[in-house]
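Each chain gets a letter, A, B and so on, in the order its sequence line appears, and its residues count up from 1.
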Amino acid sequence: MVRRELRRDLAVLPMSVVRELTGLSDRQIRYYDQQGLIEPHRGAGKQRRFSLDDVDRLLEIADYLDAGYSISEIHEVDAKKQRREAEKVDPDDVNMRHMLADELLKIGRFNNGQRKF
DNA sequence: ATTCTCACA
DNA sequence: TGTGAGAA
């Protein structure tokens, strides 16, 4: 039996669902899209279709923003992330970066309580 | 009914 | 970022 799992990379979620799942306004979601932070697929009528990965990405973006990062700074982080992804193919380094990123976000959240968790 | 783009008394 | 207009 092939292990049939949930495909978090399939873009099948409409705005309404993503809005609920992230707590973001569709205005914000479209804005992050324009800024190139996410590239959801398009369906009939150019309507955006998001994947669960996109939802995670959106939450990540919201966290960075709450932590005080600017859109451009988030792009910097992405760029830096890709460069290392290209060079060092060290799996341990990848995990370490994720851990550091999480810590940065936690610190950011404590430095400005705006998020309504 | 929903979502999209564009523009701002 | 919000909001409203007009189209799809």
| query | Taking atom CZ of Arg8(A) as the centre, does the number of heavy atoms from other residues, nucleotides or ligands within less than 6.0 Å exceed 12? | reply |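 Open: at most 12 neighbouring heavy atoms sit under 6.0 Å from CZ of Arg8(A).
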| query | Counting only heavy atoms not in His75(A), do more than 12 fall under 6.0 Å of its NE2? | reply |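 Count over threshold, so yes.
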Measure the distance from [atom1] on [X] to [atom2] on [N] and round it to the nearest whole Å.
X        : N      : atom1 : atom2 : result
Gln34(A) : dT3(B) : CD    : C1'   : 14 Å
Asp33(A) : dT3(B) : CG    : C1'   : 13 Å
Gln28(A) : dC4(B) : CD    : P     : 15 Å
Lys46(A) : dA8(C) : NZ    : P     : 11 Å
Asp66(A) : dT1(C) : CG    : P     : 9 Å
Tyr31(A) : dG2(C) : OH    : P     : 12 Å
Gln35(A) : dT5(B) : CD    : P     : 13 Å
Asp26(A) : dC4(B) : CG    : C1'   : 10 Å

| field | Short side-chain N/O contact from Ser16(A) to OP1 or OP2 of dT3(B), under 4.0 Å | value | yes
| message | I want to check one thing: is the phosphate of dC4(B), taken as OP1 and OP2, less than 4.0 Å away from some side-chain N or O of Gln47(A)? | response | no
| task | For Arg30(A), report the nucleic acid contact type (base, sugar-phosphate, nothing); a contact means any heavy atom under 4.0 Å. | result | base
| said: Base, sugar-phosphate or nothing for Arg42(A)? Non-hydrogen atoms, less than 4.0 Å. | reply: sugar-phosphate
| query | In terms of the nearest nucleotide of DNA chain B, which residue is placed more toward the 5' end: Gly45(A) or Arg27(A)? | reply | Gly45(A)
| Counting side-chain heavy atoms from CB outward, which of dT3(B), dT5(B), dA7(B) is closest to Arg48(A)? |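 Among dT3(B), dT5(B), dA7(B), the one nearest the side chain of Arg48(A) is dT5(B).
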| Within the distance-only criterion (no hydrogens, no angle test), does the side chain of Asp54(A) pair as donor or acceptor with the backbone N or O of Ser51(A) below 3.5 angstrom? |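 Present.
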| Is Asp53(A) salt-bridged to Arg7(A), cutoff N-O under 4.0 Å? |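 Looking at Asp53(A) and Arg7(A), the cut-off is not met.
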| request: Would you mind checking if Asp26(A) and Arg48(A) are paired as a salt bridge, meaning a charged N to carboxylate O distance below 4.0 Å? | output: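 The answer is no: the pair does not qualify as a salt bridge.
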| request: Return the nucleotide paired to dT1(C): Watson-Crick means purine N1 to pyrimidine N3 with N6-O4 or O6-N4, wobble means G-U with N1-O2 and O6-N3, both under 3.5 Å. | output: none
| If pairing requires Watson-Crick or G-U wobble contacts with both distances under 3.5 Å, which nucleotide is the partner of dC4(B)? | dG6(C)
